[in-house]
Structure formats: structure tokens, C-alpha cells
*Asks:* 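Structure incoming, see below.
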2 protein chains.
Amino acid sequence: MNKSEALSERAGNETSDLSKARLRAWLQILKVSRKIEGELREKMRLEFGSTLPRFDVLAALYRERDGMRMSELSKSLMVSNGNVTGIVDRLVAEGLVVRMPVENDRRASIVRLTKAGEKDFAERALVHEGWVSDLFSDLSSGDADALIRILRNISHHNEAPHHD
Amino acid sequence: MNKSEALSERAGNETSDLSKARLRAWLQILKVSRKIEGELREKMRLEFGSTLPRFDVLAALYRERDGMRMSELSKSLMVSNGNVTGIVDRLVAEGLVVRMPVENDRRASIVRLTKAGEKDFAERALVHEGWVSDLFSDLSSGDADALIRILRNISHHNEAPHHD
DNA sequence: CATAGATATTTCAAACTTAAAATATATGTG
DNA sequence: CACATATATTTTAAGTTTGAAATATCTATG
């Protein structure tokens, strides 16, 4: 704690200007992400008859064409295991992904895009990028870089410590 | 569309560097907000036996001590009307808020903190601010200001156009 | 005053989400 | 091999969230 923080917190129950600035920053992040997510959710529903969580799963699988385990998917998306089970169930029902057995491990399964899933996602991804760019049309290249730099700092600090 | 965008998009199906930078920025916002929300959710549950949505409602009502209508609450929190109904039901059951009739309008109701709700929230808010400050401990004062400025630009551009 | 349309809220069904329990399978140790 | 422990996934219960339909009430217009 630096000198001015120590001074401003001498009563014990107050919070520093810095902590208030960080709280404001967090609330602003929350506001933007809710607004943008809401817009994207509506577009997904109207244009694709689909949802953001399903798009996120397809996107992850599109980056890993050989497929991913359920546990890899949930780690990559930062959601619970049980959550992914339901989303994948629906994508299987839609014919966009398949579950495949894993050699030598009957507990696990690999989830992969089907041909239809690849085709659908490739089309949707382009449209999606356009939506995002429109929603962020006031974001200059420089500000985008600054934003990414600052946010990376935050997420690196909060990275889950891996066991080794 | 500027010259370089026109050039880089001449095939019709490509996307510009700027749109890719904006997409990366959006994904980074999403990553940070998921991570932080997850951390805060867990702390809320363990320390307060409560949830983020309830905290958000209490926070809104703490700012408006005279209470808010359900519709004001849902607009302020950017969630649906039906959503707020459920959260408020639970807060009423916990004794933290009350619904009061509105003079001259029997459709509406005003939701207000109870004494217990005020007391609980005041305590929780301080602890919450500390959690946020810790999670953002790598965020300097200058970066916080930059972040807020950039994000405000984005949210202003996406402000819901009000009818007049 | 009747009543059509607007507004405020709740209800509802479906999907998403979590944390914890349950299930199934693998692996290491005696 | 037996069995304890670890791992991968699904199931379950509770809560959150949405969008649409249903209710209830209000307001303006003829």
C-alpha cells in the first residue's frame, strides 16, 4: 500500500481512490459485455435461429478440427463440464457435431464438427465478425490494441495456477 | 470504407484487419468478464451465501433509496422484466427488499430495501469492492482511466435510441 | 362512458449455468 | 490381482435468463 492509500484508508472502513477506479472499470466492462452480448444474442436468434453458447462451442471446435474432449471444451470456454454436456447434446441433435469414442479410454469422448457443422460455422463466423465490427465501430485500431493490452494484463494476473 | 479496407476486402468474403482487431478486443472483454464474474460468484456464494444477480439488484436499490419500479430495475440492470420478478421474489423471501403499491397506478409496484437489506448490502459492498480491487490489482490508475474511456465510447455508441 | 390501445408486471417454456452427486473407467500400489 | 484413488463425463437440483403470452390496469378518443 502506498502513502496516499494508507492515508485515505486510515479509518479502516474506507476504500482507496484506486480501488474505486478499479470498481468503476469493472462495472464498465460488465456494462459493455452485457450490452454487446444482448445484441449478438438477438442477431444469432433472428438470423441463425441459434444461440451464443452454441456458437462458442462451434468456434472452439472449428479451431481444433480434429475435435476436443468434453473437458477440453469446458476448460477452453471457461464453463462447467455439465454445462457443455447440454450444449453439445443440442448441437448433436442439430447434426452440427458428433461424439466419437477415444482409443484406450472409454470414459472420454471426442467432439468434432460434422461437415454440416463446418459449413454452417464458416458462414456464421463471417457474419458474426461483421456484427462485432459494427457494434465496435467507434473503436479505433489504436484503442483496440490498448484495450487488448490492458485486458490481457488483467486476465494473466487471474490465470488459474496450473499444477506441475 | 477506406482505401485499405476496400483493397483488403476486394474478394468480398474477407474481413479487414480492423474488424479482426475489434473481434479480438471483444473476445478479450468476454474472457475477462467471464473470469472475473466466476471469481466473484464463488466468493459471493462462499462468503455471503448469495448470488451476483441478487447483489446487482441490491446495489441498484441502494443507489435509489426511495425504491424503484420493476421496469426501472430491469432497464437499469439491462435484463428482462421477467428475470427481475424472480430475483426480487427471492430477495423478498430473504427479507432484504419489499414490494410496495404505487399511488394512482395499481399495475406498478415499487421495490425498496428493508432495513436489513440496507445493512446487509452496505457491509457486502465494501467487501465486494475489496475483491474487485484484488482481482484488478494489476490495473494501474492510468490504465483504469483508459479502460473506462474506451469502454464508455463503445457503450455510448450502442446506447438504445430513446423514443421522443 | 365504452373501448381500443398502451403500459406494468407476472407467468411460462425453453435454454443456459453452476456446484455437487453419481457413474463409469483408469491407474497405481500393495 | 484387489482395491483405493484419480479422472472424464453425465445427471440432478436450484437458480438465472430470455422472449412470448397472459393479466391487470391505465389512458385517450370518440
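Since this is a predicted model, take the numbers as computed values, not measurements. Chain identifiers are assigned alphabetically (A, B, ...) following the order of the sequence lines, protein sequences preceding nucleic acid strands; residue numbering begins at 1 within each chain.
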*Asks:* Below 4.0 angstrom from OP1 or OP2 of dA14(C), is there any side-chain N or O of R45(A)?
*Replies:* no

*Asks:* Could you state the interatomic distance from CG (N83(A)) to CD1 (I87(A)), rounded to the nearest 0.5 Å?
*Replies:* 5.0 Å

*Asks:* Let me know, please, whether L46(A) or N104(B) comes out on the 5' side of the other along DNA chain D by nearest nucleotide.
*Replies:* L46(A)

*Asks:* Of R99(B) and R106(A), whose nearest nucleotide on DNA chain C comes first from the 5' end?
*Replies:* R99(B)

*Asks:* Identify every side-chain donor-acceptor pair in residues 44-52 of chain A under 3.5 Å, counting partners at least two apart or on other chains, and give the distances.
*Replies:*
from	atom 1	to	atom 2	distance (Å)
T51(A)	OG1	R54(A)	N	3.4

*Asks:* Using whole Å, what does the distance between atom P of nucleotide dT18(C) and atom CE of M44(B) come to?
*Replies:* 16 Å

*Asks:* What integer distance in Å separates L30(A):CG from dT17(D):C1'?
*Replies:* 15 Å

*Asks:* Show me, pair by pair, the donor-acceptor contacts under 3.5 angstrom made by side chains of residues 109-117 of chain B, not counting sequence neighbours?
*Replies:*
from	atom 1	to	atom 2	distance (Å)
T114(B)	OG1	G95(B)	O	2.7
T114(B)	OG1	L96(B)	O	3.1
T114(B)	OG1	A116(B)	N	3.4
T114(B)	OG1	G117(B)	N	2.9

*Asks:* With nearest nucleotides of DNA chain D determined for T85(A) and R34(A) from heavy-atom distances, which residue corresponds to the more 5′ nucleotide?
*Replies:* T85(A)

*Asks:* Give the rounded distance in Å between these two atoms: CG of L40(B) and C1' of dA19(C).
*Replies:* 17 Å

*Asks:* Looking only at heavy atoms, what is the nearest atom pair of I154(B) and L135(A), with distance?
*Replies:* CG2-O, 4.3 Å

*Asks:* Within this structure, what is the CD-to-P distance between E103(B) and dC26(D), rounded to whole angstrom?
*Replies:* 12 Å

*Asks:* Using atom CG of D89(B) as one end and atom P of dC12(C) as the other, report the distance to the nearest whole Å.
*Replies:* 12 Å

*Asks:* Just the atom pairs and distances: protein N or O near nucleotides 14-16 of chain D's N or O, under 3.5 Å.
*Replies:*
from	atom 1	to	atom 2	distance (Å)
dT16(D)	OP1	T51(B)	OG1	2.8
dT16(D)	OP1	R54(B)	NE	3.3
dT16(D)	OP2	R90(B)	NE	3.4
dT16(D)	OP2	R90(B)	NH1	2.3

*Asks:* Under 4.5 Å between side-chain heavy atoms, chaining through other members, with only Ile, Leu, Val, Met, Phe, Trp and Tyr counted: pull out the rest of the cluster around M78(A), sorted by chain and number.
*Replies:* none

*Asks:* Is S133(B) reaching over with its side chain to a backbone N or O of G130(B), donor-acceptor style, under 3.5 angstrom?
*Replies:* no

*Asks:* Measure from the side-chain N and O atoms of R99(A) to the backbone N and O of V92(A), and report whether any donor-acceptor pair falls under 3.5 Å.
*Replies:* no

*Asks:* Please list every donor-acceptor pair under 3.5 Å in which a side-chain atom of residues 61-70 of chain A meets a protein atom from a residue at least two apart or in another chain.
*Replies:*
from	atom 1	to	atom 2	distance (Å)
Y62(A)	OH	R65(A)	NH2	3.2
R65(A)	NE	Y62(A)	O	2.6

*Asks:* Specify the closest pair of heavy atoms between L151(A) and A25(B), including all atoms of both residues, with the distance to one decimal.
*Replies:* CD1-O, 4.5 Å

*Asks:* Roughly how many Å is it from CD in E94(A) to P in dA15(C), rounded to a whole number?
*Replies:* 10 Å

*Asks:* Output the rounded distance in Å from CD (E37(B)) to C1' (dT17(D)).
*Replies:* 12 Å

*Asks:* Tabulate protein N/O versus nucleotide N/O from nucleotides 2-8 of chain C, keeping only pairs under 3.5 Å, one per line.
*Replies:*
from	atom 1	to	atom 2	distance (Å)
dT7(C)	O2	R107(B)	NH1	2.7

*Asks:* Which whole-number value in Å describes the distance from E42(B) CD to dT18(C) P?
*Replies:* 12 Å

